[in-house]
Amino acid sequence: MGIIKKYDQNIMRNLNAFEQVVKVRAKDCFGTNGTLFFLVERGTAKIAIGRQGAGVRALANALKKRVKILEWSDKPEGLVKSYLFPLRTQSVVFTPENTLEISFKFALQRRSLLSDRQARLRELTELVQHFHPQVREIKVL
């Protein structure tokens with residue numbers, strides 16, 4: 001049995017605007033801290049973003065919010081990698097304690113996730129927990 005989600009009027013308006021501006025069907029939409037995350041099917045994020053980010057800029061101007069386009073993944077590890085792109089992770093591991101452990105090869109990449117009072121880490125945690133509620137916390141190693 002699948003999960004039934006209820007969409008309010010704002011989410012439906014955002015999904016419709018996404019389809020009209022970007023010409024790609026969004027699978028889902030999630031908003032946090034003034035940022036709208038649109039999840040698209042695997043392989044369609046490049047089309048949605050557009051050449052040199054034209055699609056994202058046009059959508060951000062239309063909605064007057066920050067926009068991030070992610071590729072959908074059934075596993076939380078894939079969603080984390082999509083969020084962190086273009087940063088390259090050394091490994092993303094889902095432990096038996098329902099914790100995601102992210103490790104980076106370089107400290108500079110780690111710092112970019114943990115800077116700004118860990119706002120990006122909190123944003124990532126909210127995003128992952130929204131679509132994969134079994135994840136309790138995210139650790140950056």
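Keep in mind that what you see is a predicted model, and the values were worked out from it rather than measured. If you read the sequence from its start, that first residue is 1, and numbering goes on from there.
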*Can you get from V22 to M12 by hopping between Ile, Leu, Val, Met, Phe, Trp and Tyr side chains that sit under 4.5 Å apart?*
yes
Practice task
Would you check if the side chain of S82 reaches a backbone N or O of G78 as a donor-acceptor pair within less than 3.5 Å?
Solution key: no
Run the side-chain donor-acceptor check on residues 103-112: report pairs under 3.5 Å with partners two or more places apart or on a different chain.
unit_1: S103; atom_1: OG; unit_2: S91; atom_2: N; d: 3.4
unit_1: S103; atom_1: OG; unit_2: S91; atom_2: OG; d: 2.7
unit_1: S112; atom_1: OG; unit_2: Q109; atom_2: O; d: 2.7

- prompt: Given L84 and V92, is the side chain to side chain contact (heavy atoms under 4.5 Å, CB included) satisfied, shown in steps?
  reply: CA-CA 11 Å; L84 292 175; V92 179; 5.6 Å; no
Shortest non-hydrogen pair, V21 vs L59, comes out as CG1-N, 3.9 Å
Decide yes or no for L124 and I102: does some side-chain heavy atom of the first lie under 4.5 Å from some side-chain heavy atom of the second?
yes
Here the pair of heavy atoms bringing N98 nearest to Q134 is CB-O, 3.1 Å
dist R136:CZ -> T99:OG1 (nearest 0.5 Å) comes out at 5.5 Å
Here the pair of heavy atoms bringing F94 nearest to E77 is CB-OE2, 3.0 Å
CD1 of I138 to CZ of R122, rounded to nearest 0.5 Å, is 12.5 Å
CG (D28) and CD1 (I11) are apart, to the nearest 0.5 Å, by 7.5 Å
CD of E19 to CZ of R25, rounded to nearest 0.5 Å, is 5.0 Å
Heavy-atom check, side chain of L127 versus side chain of T32, under 4.5 Å:
no
Would you list the atom pairs, donor with acceptor, under 3.5 Å between side chains in residues 36-54 and any protein atom, with sequence neighbours excluded?
unit_1: E41; atom_1: OE2; unit_2: K27; atom_2: NZ; d: 3.2
unit_1: T44; atom_1: OG1; unit_2: E41; atom_2: N; d: 3.4
unit_1: T44; atom_1: OG1; unit_2: E41; atom_2: O; d: 2.7

When every non-hydrogen atom of Q20 is compared with those of K23, the smallest separation belongs to O-NZ, 2.6 Å
**Asked** Would F18 and V67 satisfy side chain to side chain contact (heavy atoms under 4.5 Å, CB included), going step by step from the backbone distance to the final call?
**Response** CA-CA 10 Å; F18 181 83; V67 173; 5.6 Å; no
| Donor-acceptor pair between R13 and N10 side chains, under 3.5 angstrom | yes
d(H132 NE2, Q129 CD) to nearest 0.5 Å is 11.5 Å
Residue pairs meeting side-chain hydrogen bond (donor to acceptor under 3.5 Å, both in side chains), one or both in residues 64-74, sequence neighbours left out, come to T35-R66, W72-D74
Inset, instruction - Step by step, work out the side chain to side chain contact (heavy atoms under 4.5 Å, CB included) result for V80 and T89. - result: CA-CA 10 Å; V80 168; T89 59; 5.5 Å; no
Rounded to the nearest 0.5 Å, the OG1 atom of T95 sits from the NZ atom of K139 at a distance of 7.0 Å
All heavy atoms of L79 vs all of V128, minimum pair found to be CD2-CA, 4.3 Å
